[in-house]
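Worksheet for the structure shown next.
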Amino acid sequence: MNTKIIRTISEMRKISSNWPTSVGFVPTMGFLHEGHLSLIKTAQKDNETTVVSIYVNPAQFGPQEDLSDYPRDLKKDIELLAELNVGYVFLPDDGEMYPKNFKTWIQVEDITEIMCGIARPTHFKGVTTIVNKLLNIVRPDTIYLGEKDFQQLIVLKTMVRDLNMPCEVKGCPIVRESDGLAMSSRNIYLKGEDRDKALCLYKSLLLAQKLFSEGVQDLELIRSQMEDIIIQNDGVIDYIAFIDAESLKVVDELHKGCRIALAVKISGTRLIDNLQI
Ligand code: AMP
């Protein structure tokens, strides 16, 4: 089947009102990389039909953030999706997604007010609202999300659970560059030596894991060693969080299965990463 490009909500709804097969959905903001593609390949393995959306959602960017600079290359994205034989690519526009009389927002409490929610207080409200809208329009059986945005994954799982949405949420592992940098559309902002410095996120996570495996349980010691690596690389730490992987609650003690998540700015580019212990 050729990849079909869908540009309007009404056209997408017409198709989704009568899916004959199981449908996997991968929402993205485009500028696709191997991280996105791994989600898409998993969706294709699990389902007869796959839908990918590309939409840079203005509601999840703060007023001082990079909405207008966010990297875009729709032509290349569509080529990549056609090569993968993706069934449907949904490309809604702002006018349809947020018409002038738009008044309804979806908000998950508590777990959106920690970690990334502190520096980005309106971000998750934008994410939950757009994903809710997309799920209503696309009506998939399963939505595929990356563990790269771990807090987002848990927030969206919580929304689907609390609102009894008829959809499974599947988290997919982080895809990294060969040196360990987590793939991200925003990595394009990292010029020259900033690209190397950005490795400090992953290096600090690996160090934490090593310390834990050697029996170190003092979280402040682990935190300060992570901070040292990041500061040596001129990173500005937003947060380092030791969290329970299901509740996102801060843990007093590391145990197997919990996560370390962090956000760091490298020359103004905000990067996030996380690792399961
Ligand atoms: P974005 O286009 O950045 O909004 O990301 C769309 C989806 O791709 C989200 O579910 C992300 O978590 C996921 N994603 C982005 N980068 C990666 C990565 N390096 N590995 C796995 N999933 C990713």
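Just so it is clear, the structure is predicted and the values come from calculations on it, not from any experiment. Numbering of ligands and ligand atoms starts at 1, following listing order. We number each residue from 1, following the sequence as shown.
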Go through the side-chain N and O atoms of Gln44 and Thr50 and say whether any donor and acceptor fall under 3.5 Å apart.
-> no
Asp228 and Gln225 side chains, donor-acceptor separation under 3.5 Å = no
So which residues, sorted by chain and number, lie with a heavy atom under 4.0 Å of ligand 1?
-> Pro27, Thr28, Met29, His33, Gly35, His36, Leu39, Tyr70, Leu145, Gly146, Lys148, Asp149, Gln152, Pro173, Ile174, Val175, Met183
Any donor-acceptor N or O pair under 3.5 Å, side chains Ser247, Asp244 = yes
Are any of the side-chain heavy atoms of Thr129 and Phe102 separated by less than 4.5 Å?
-> yes
Does one side chain, of Ser267 or Asp194, offer a donor that lies under 3.5 Å from an acceptor on the other?
-> yes
Exercise: do Tyr144 and Asp46 side chains pair donor with acceptor under 3.5 Å | yes
